[in-house]
Peer 1: 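Structure below; questions to follow.
A note on names: the letters A, B, ... follow the listed sequences, proteins ahead of strands, and every chain is numbered from 1. As the structure is a computational prediction, the values presented were derived from the model and not from experiment.
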2 protein chains.
Amino acid sequence: MSPPAVAPRPAGRLRAPGAPAATPPGRVVPLYRADERHPQAQVCRRCTIRSEALFGALDETALDRIHVHIAELMLAPGEPLSRRGDDAALYTVRAGVVRAERSTTRGDRRIVRLAGAGALIGQEALLGRRSDDEWVACTAAQLCRIPASLVRELLRSEPALGQALMQRWQSALDDTEAWLADLATGPARRRVVRLVQRLAGLGDGRHLWLPRRSEMGAMLDLTLETASRQISALRRDGVLTAVGPGGAEVSPAALAAALRAADDA
Amino acid sequence: MSPPAVAPRPAGRLRAPGAPAATPPGRVVPLYRADERHPQAQVCRRCTIRSEALFGALDETALDRIHVHIAELMLAPGEPLSRRGDDAALYTVRAGVVRAERSTTRGDRRIVRLAGAGALIGQEALLGRRSDDEWVACTAAQLCRIPASLVRELLRSEPALGQALMQRWQSALDDTEAWLADLATGPARRRVVRLVQRLAGLGDGRHLWLPRRSEMGAMLDLTLETASRQISALRRDGVLTAVGPGGAEVSPAALAAALRAADDA
DNA sequence: CGAGCCGTTGAGGGGATTCAAGCTCAGTGG
DNA sequence: CCACTGAGCTTGAATCCCCTCAACGGCTCG
């Protein structure tokens with residue numbers, strides 16, 4: 001239970017755990033009153049995806065150290081995550097799918113990663129760095145904006161958080177390398193089948209989000225026409241059945257068969 | 001030169017730096033005697049690439065906390081870094097080039113990263129994980145084997161090390177994403193030119209290591225024949241001139257021109 | 001020396017791109 | 001209501017790039 005450093009912290013009274021702060025409405029509680037339970041801790045505690053998210057590494061008492069608001073933001077499909085603002089931050093994806101784009105020297109864009117619910121993005125903010133990639137919402141998405149300063153503070157008292165961060169970094173690295181091996185290798189058929197497999201993993205298993213054809217092209221380094229042809233072929237083969245725009249249903253058995261067929265070619 | 005490694009660690013009373021240990025053979029010094037300066041600290045202090053390496057984050061006094069031997073190992077070209085052994089470890093590349101291979105579901109291998117002098121590889125050992133990729137020496141290579149347990153211990157007293165580790169993780173991630181955008185995108189010509197550009201960066205600028213054609217294929221997802229044709233074309237265009245087997249000299253001006261030509265196609 | 005590996009080059013076929021046309025569908029305004 | 005429009009998807013035809021198969025030369029090594 002070490003106090004969160006930095007600010008000259010005035011003492012408040014100790015309060016029984018669980019007892020809500022009796023704050024007169026309109027009264028502003030200064031940020032440095034970290035001894036009072038900040039409402040954000042309550043919000044985070046009730047977060048439905050906390051177990052998978054970064055703060056899943058924090059136990060109940062550690063959550064109480066959160067003393068700033070974590071902004072929640074919604075992104076419309078195609079809307080970029082604006083990283084402007086001098087105050088660096090990390091983001092947790094609460095719902096939807098966002099993509100990392102990176103523009104090649106040629107000028108065109110290449111999608112290098114996808115992040116679904118529970119994923120942590122923008123970790124480089126912790127290091128004061130900016131990475132070259134830009135995050136854009138694929139579907140409607142909901143994110144939590146976690147200030148880098150908050151993470152840095154929690155890091156001092158909570159070693160588990162450091163571990164969790166390293167885990168995330170390694171996962172991101174593994175994902176990207178797997179992306180390279182799976183989605184950037186071999187003929188178009190194989191790439192598209194593998195992409196569908198991944199997208200099925202992002203969804204609930206049967207129903208999945210299908211990117212635009214031009215997006216598929218940017219993920220797989222194919223033209224949108226070839227992507228379209230391959231998706232059409234998968235529909236003919238019974239792997240996919242279209243459900244509305246940008247949605248589809250997948251047949252696991254047919255998908256497995258397609259994976260095998262694409263591999264031992 | 002550094003002491004071999006692994007072997008039961010000799011010790012003695014505090015002694016002047018540089019003076020050899022006068023140790024009765026067979027006597028084992030317990031690990032918690034960290035107050036004695038271990039010879040490894042001297043070795044690391046004199047390391048010629050320490051400034052770029054992981055322990056560059058440690059100052060002089062922190063180096064003295066190193067109390068185990070760090071094994072130095074040489075790899076012949078083509079030799080894999082054997083990760084067998086229950087004791088996890090990280091590795092710093094001191095000289096040469098090593099590659100990360102990852103086998104696709106199809107069975108063939110894809111090279112997903114290159115590591116040159118100063119690079120840290122195998123960080124996942126810190127997390128008790130094993131990643132899917134295997135490291136193989138491209139050229140003759142010299143590595144330092146750093147036990148994960150040592151890093152974990154140093155981590156407790158040296159916050160700078162945690163920062164350095166995160167930096168490395170982010171760099172690896174950035175590298176891989178850039179690899180994806182640069183070397184796995186566009187026509188064969190562009191990929192090969194970009195690869196040569198990277199290899200020139202690994203070398204001293206003019207003289208560079210040229211991989212085997214099949215290795216190039218595994219890096220760029222091309223057949224070795226197309227790789228060969230592209231390299232031949234670069235020779236014809238004056239970008240490369242062969243120097244021995246697996247070596248070449250690059251003309252920076254011609255390379256820049258080739259990059260431009262490949263991009264605005 | 002023959003065996004094997006590596007690199008190079010050629011010829012032919014196949015797969016992806018390019019260019020192009022037509023389609024559905026949503027939004028708009030006459 | 002319906003033509004108009006534009007964006008996204010699909011499909012066709014022609015071209016081109018890369019792969020496949022193949023042969024050959026240089027080189028090292030048993």
Peer 1: Nearest 0.5 Å, please: how far is SG in A:Cys138 from CH2 in A:Trp209?
Peer 2: 3.5 Å
Peer 1: Ignoring backbone atoms, establish whether A:Thr223 has a side-chain N or O less than 4.0 Å from OP1 or OP2 of C:dA16.
Peer 2: no
Peer 1: Just checking, is any N or O donor in the side chain of B:Arg106 or A:Thr185 under 3.5 Å from an acceptor N or O on the other one?
Peer 2: no
Peer 1: Over how many whole Å does the gap from B:Arg191 atom CZ to D:dC18 atom C1' extend?
Peer 2: 10 Å
Peer 1: From the set D:dG8, C:dA16, D:dT11, return the single nucleotide nearest to any side-chain atom of A:Arg236.
Peer 2: D:dT11
Peer 1: Would you mind reading off the distance between B:Leu240 atom CG and C:dT8 atom P, rounded to a whole angstrom?
Peer 2: 11 Å
Peer 1: For B:Glu134, which of B:Arg102, B:Arg109, B:Arg113 qualifies under salt bridge (charged side-chain N to carboxylate O under 4.0 Å, His left out)?
Peer 2: B:Arg109
Peer 1: So, do A:Met216 and A:Gln230 sit near enough that their side-chain heavy atoms are less than 4.5 Å apart?
Peer 2: no
Peer 1: Measure CZ/B:Arg190 against C1'/C:dA16 and give the value in whole Å, please.
Peer 2: 16 Å
Peer 1: Given atom CE of A:Met216 and atom C1' of C:dA16, what is their separation to the nearest angstrom?
Peer 2: 17 Å
Peer 1: Counting only side-chain N and O atoms of A:Ser228, is one of them less than 4.0 Å from OP1 or OP2 of D:dC9?
Peer 2: no
Peer 1: Counting the atoms with a prime plus P, OP1 and OP2 as sugar-phosphate, which does B:Leu222 contact under 4.0 Å by heavy atoms, base, sugar-phosphate, or nothing?
Peer 2: sugar-phosphate
Peer 1: Any side-chain N or O of B:Arg235 less than 4.0 Å from the OP1 or OP2 oxygen of C:dT8?
Peer 2: yes
Peer 1: Over all strands shown, is B:Pro187 touching base, sugar-phosphate only, or nothing at heavy-atom distances under 4.0 angstrom?
Peer 2: sugar-phosphate
Peer 1: So, B:Ser228 side chain and B:Leu224 main chain: donor-acceptor pair closer than 3.5 Å or not?
Peer 2: no
Peer 1: What's the CG-P distance between A:Leu210 and D:dT10, to the nearest Å?
Peer 2: 9 Å
Peer 1: Just the rounded figure in Å: distance from P of D:dC18 to CZ of B:Arg189.
Peer 2: 11 Å
Peer 1: Does a nitrogen or oxygen in the side chain of A:Ser232 sit under 4.0 Å from OP1 or OP2 of D:dT11?
Peer 2: yes
Peer 1: Return the value, rounded to whole Å, for the distance between atom CD of B:Gln230 and atom P of D:dC19.
Peer 2: 10 Å
Peer 1: Atom pairs, N/O to N/O, protein against nucleotides 21-29 of chain D, distance under 3.5 Å?
Peer 2:
from	atom 1	to	atom 2	distance (Å)
D:dC21	N4	B:Glu225	OE2	3.3

Peer 1: To the nearest angstrom, how far is B:Leu224 atom CG from C:dT8 atom P?
Peer 2: 10 Å
Peer 1: Hey, are B:Arg110 and A:Asp182 close enough for a salt bridge, meaning a charged N less than 4.0 Å from a carboxylate O?
Peer 2: no
Peer 1: Could you check which of C:dT8, D:dC19, C:dT9 has an atom nearest any side-chain atom of B:Arg213?
Peer 2: C:dT8
Peer 1: Kindly compute the distance separating CZ (A:Arg130) from CZ (A:Arg83), expressed to the nearest 0.5 Å.
Peer 2: 6.5 Å
